[in-house]
Amino acid sequence: MTILPLHLHFSLARSPLKPHSFPHARPQVVTGPAENSVEVNGTYPGGVSGQLPSGLRRELMPSHVAVIMDGNRRWARMRGLPIGSGYEAGAQALRRIVELCCEWGIRVLTVFVFSSDNWFRPKMETDLLMELFERVLKDELQHFERENVRVSLIGDTTKLPKSLQELLANSVGTAQKNSHLHLIMAVNYSGQNDVVQACQKIAVKVKDGLIKPDDINKFLVEKELETNCTDYPHPDLLVRTSGELRISNFLLWQLAYTELYFTNSLWPDFGEDEFVEALFSFQKRQRRYGGRNS
Amino acid sequence: MNTLANTLFGNLISFIRRILFCILSVGPIPNHVAFILDGNRRFAKKLNLPEGMGHRVGFQSLISVLRYCFDLGVKYVSVYAFSIDNFKRKPEEVQSIMDLMVEKFNEMVEEESIVYQYSVRVYIIGNLSLLSDNVRLAAEKVMKATSSNNKSNLIICLAYTSTDEIVHATQESCDDKWAKIQSSIDGEMMEGKREGCFVIKVADIERRMYMGVAPDPDILVRTSGETRLSNFLLWQTSNCMLYSPRALWPEIGFLHIAWAFLEFQRTYPYLEKKRKEL
């Protein structure tokens, strides 16, 4: 449901120069070890849930997946439909991915619903998106409660319509223990603003004499970022659809070691098959965090 | 016969390169390109080279890439030479990389080096206090020697991570704000004014970033097919095009650069529009 402007896109097929992260092959069948909880490569396995598709190993599942849901408008234009239909289809895709995350034991799903950079879009379009978001959220809240999905919000909601602000305030639940999935919605969010507000909070502590400037370290900054609402603030995997190869001011600090996955699929077309490909690509990667493999 | 074939092949490659040059020069050229130099060790292993040779070969690739970029008109090139996280590697490997750095910094101040051919100002940025004295001195020497060069800029990120850069910028911002309050003419500053002095804005952070010497990159290239930022330029690449060719760093060639530039030119109109809106 993110408003990211339409961009003419073409790709030269099968060039050796094309980036690595456009997998085409279906995952191979791989037999993995037993499904006990083991930390591997810095990712914690998700909660015990449904059967994983063949080829995916439970111990290598990411704990936290972040998604930039790009391509809704392009999807609608390609079909000669109004833009609103693109966003509706995007909402359907999001529902599917939320269900799959619950089923496959992914702990946290962060979705880039609306960037603070998107306010420069035509007012009619931003109004349309806000209305759709409010409607979908109203429909889904009970579903989330039933499925034990905990909802959190990051971003500055003060610029949103009042009705949506109230709805968001009601939908953000108190911490639910043993929730299947923690859904974090980034609404009017900017990665840079997140870092700045964290630094600002730290500056206030310095002013009040609680800490000295020399005491400032990355842990203090982490604690003040908006993603402090979860125990897994750093996404293991970021998926961006529609072929655009950039982060667009989403979760900048938190993405330091995140595996990035870019796919040509437009967001409304991103379903189970595409998600499995993304997860398979993730599971093949060697995460070294600056060190070396032995 | 072989020599003739090699010469013909070399001429053909040169010709193709010149054609690509002309094509690329028609469109907008990125002002700043950043590179994550990944794959040196894997390259050495692939070719059964001795330990440490991968980085040496990687340095030769860097020189070639700098030539391509500067010939095409790129003003700033940044490279992720050594991350703070890389100190976790084996001490021998860290030492050999540091020795290589010192050797190459000293070579840069020689007249035949690429730095003088292209009048490159060299910046070495990062948490330099983590480096040993000889490396830090060599770095300071090359920065001083090239400070009056003004055609192009090479930013070498050494003992760098983005999160460290942001923490450092925050510390400095707080230090400055605190010093402002302490040294205010009227020592008895009103409470409201003191609050106002301690507001940190985006501009405050950006002013104190190590990377404040350059504009944000237009393209970030990471070789060896890995698609992650590894704590490099997180702040500065929020709207930057990311490109991750499968080639290992020592295998990177002009075609990869050309491809990245063509992709950049394709997305340029949209990105420019967005930049103006912001």
Side-chain angles (χ1 to χ4, degrees), chain A residues 5-10 12 15-21 117 120-121 190-193 195-200 202-204 206-207 212-218 220-222 238 244-250 252-262 281 285-292, chain B residues 41 83-90 93 161-164 166-167 169-175 177-178 181 194-195 197-202 204-205 224-232 234-235 237-247 255-256 258-259 263 266-267 270 273-274 277-278:
Chain A
L6 175 70
H7 176 66
L8 288 173
H9 175 77
F10 68 88
L12 296 174
S15 162
L17 302 174
K18 283 204 79 170
H20 177 74
S21 52
D117 298 343
F120 296 99
R121 304 310 302 151
S190 149
Q192 285 190 344
N193 288 349
V195 170
V196 170
Q197 67 83 30
C199 296
Q200 180 53 41
I202 291 171
V204 168
V206 169
K207 174 188 74 77
K212 295 201 267 307
D214 283 348
D215 294 333
I216 299 172
N217 59 33
K218 64 180 185 181
L220 284 184
V221 176
E222 293 260 358
L238 169 81
E244 301 297 338
L245 306 171
R246 48 183 187 275
I247 308 296
S248 295
N249 206 359
F250 183 45
L252 298 181
W253 175 289
Q254 298 87 335
L255 290 178
Y257 301 101
T258 302
E259 296 292 335
L260 311 175
Y261 178 83
F262 300 102
S281 171
R285 303 204 187 172
Q286 292 184 333
R287 306 183 77 187
R288 298 188 295 268
Y289 300 92
R292 281 282 186 214
Chain B
R41 185 175 166 275
S83 162
I84 294 176
D85 296 325
N86 295 153
F87 281 115
K88 289 188 274 195
R89 294 183 182 174
K90 286 190 286 195
E93 185 181 341
T161 58
S162 227
T163 46
D164 180 76
I166 292 169
V167 165
T170 308
Q171 277 172 340
E172 292 226 318
S173 297
C174 288
D175 271 335
K177 304 281 179 188
W178 189 247
I181 289 179
R194 186 182 300 178
E195 293 276 348
C197 268
F198 250 98
V199 170
I200 289 197
K201 301 196 181 97
V202 171
D204 292 317
I205 304 271
S224 87
E226 307 284 7
T227 41
R228 51 178 182 262
L229 298 172
S230 293
N231 215 338
F232 183 53
L234 302 174
W235 178 275
T237 53
S238 67
N239 283 301
C240 167
M241 186 192 113
L242 309 173
Y243 174 56
S244 56
R246 283 196 190 96
L255 284 179
H256 298 101
W259 179 271
E263 277 291 303
R266 188 175 67 76
T267 58
Y270 158 64
K273 189 174 157 203
K274 222 170 172 274
E277 282 170 353
L278 295 172

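So you know, we letter chains A, B, ... as the sequences are listed, proteins then strands, and number each from 1.
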Quiz item: Do you know the tightest heavy-atom contact between B/R228 and A/E259?
Solution: NH1-OE2, 2.7 Å

Exercise. Using the side-chain contact (heavy atoms from CB on, under 4.5 Å) rule, take B/L242 and A/I247 through it: C-alpha gap first, then chi angles, then the decisive distance, then the call.
Key: CA-CA 8 Å; B/L242 309 173; A/I247 308 296; 3.9 Å; yes

Quiz item: To the nearest 0.5 Å, what is the distance between SG (A/C199) and CG (B/D204)?
Solution: 10.0 Å

Self-check item: Part of B/T163 lying under 4.5 Å from any heavy atom of chain A
Solution: both

Quiz prompt | Interatomic spacing from OG1 in B/T237 to CG in A/L252 - rounded to 0.5 Å | solution = 7.0 Å

Exercise. Using non-hydrogen atoms and a 4.5 Å limit, figure out which bit of B/L229 sits close to chain A: side chain, backbone, both or neither.
Key: both

Self-check item: For B/I200 against A/V196, the heavy-atom pair lying closest together
Solution: O-CG1, 3.7 Å

Quiz item: Of the backbone (N, CA, C, O) and the side chain (C-beta and beyond), which part of B/T170 lies under 4.5 Å from a heavy atom of chain A, both, or neither?
Solution: both

Self-check item: Option that, when pairs with chain A are counted at under 4.5 Å, heavy atom only, ranks first among B/S230, B/A258, B/A247
Solution: B/S230

Quiz item: Quick one: are A/V221 and B/V167 in side-chain contact, heavy atoms under 4.5 Å?
Solution: yes

Quiz item: Distance from B/K201 atom NZ to A/N193 atom CG, nearest 0.5 Å?
Solution: 13.0 Å

Self-check item: Pairwise distance CH2(A/W253) to CG(B/L234) - rounded to 0.5 angstrom
Solution: 8.5 Å

Quiz item: Does the A/Q192 side chain pair with the main chain of B/V202, one donor and one acceptor, at a distance under 3.5 Å?
Solution: no

Exercise. For each of B/C240, B/S83, B/S162, tally heavy-atom pairs with chain A at distances under 4.5 Å, and name the one with the top tally.
Key: B/C240

Quiz item: Can A/R285 and B/T227 be counted as having a side-chain donor-acceptor contact under 3.5 angstrom?
Solution: yes

Self-check item: Within-4.5 Å side-chain heavy-atom neighbours: B/Y243 and A/L245
Solution: no

Exercise. Please check if atom NZ in A/K212 has more than 12 non-hydrogen atoms from other residues, nucleotides or ligands closer than 6.0 Å.
Key: no

Quiz item: What's the spacing between B/C174 SG and A/I216 CD1 if we round to 0.5 Å?
Solution: 4.0 Å

Quiz prompt | Most contacts with chain B, counted as non-hydrogen pairs under 4.5 angstrom, among A/I202, A/V195, A/N249 | solution = A/N249

Quiz item: Which distance, rounded to the nearest 0.5 Å, do you find between the OG of B/S238 and the CZ of A/F250?
Solution: 13.0 Å

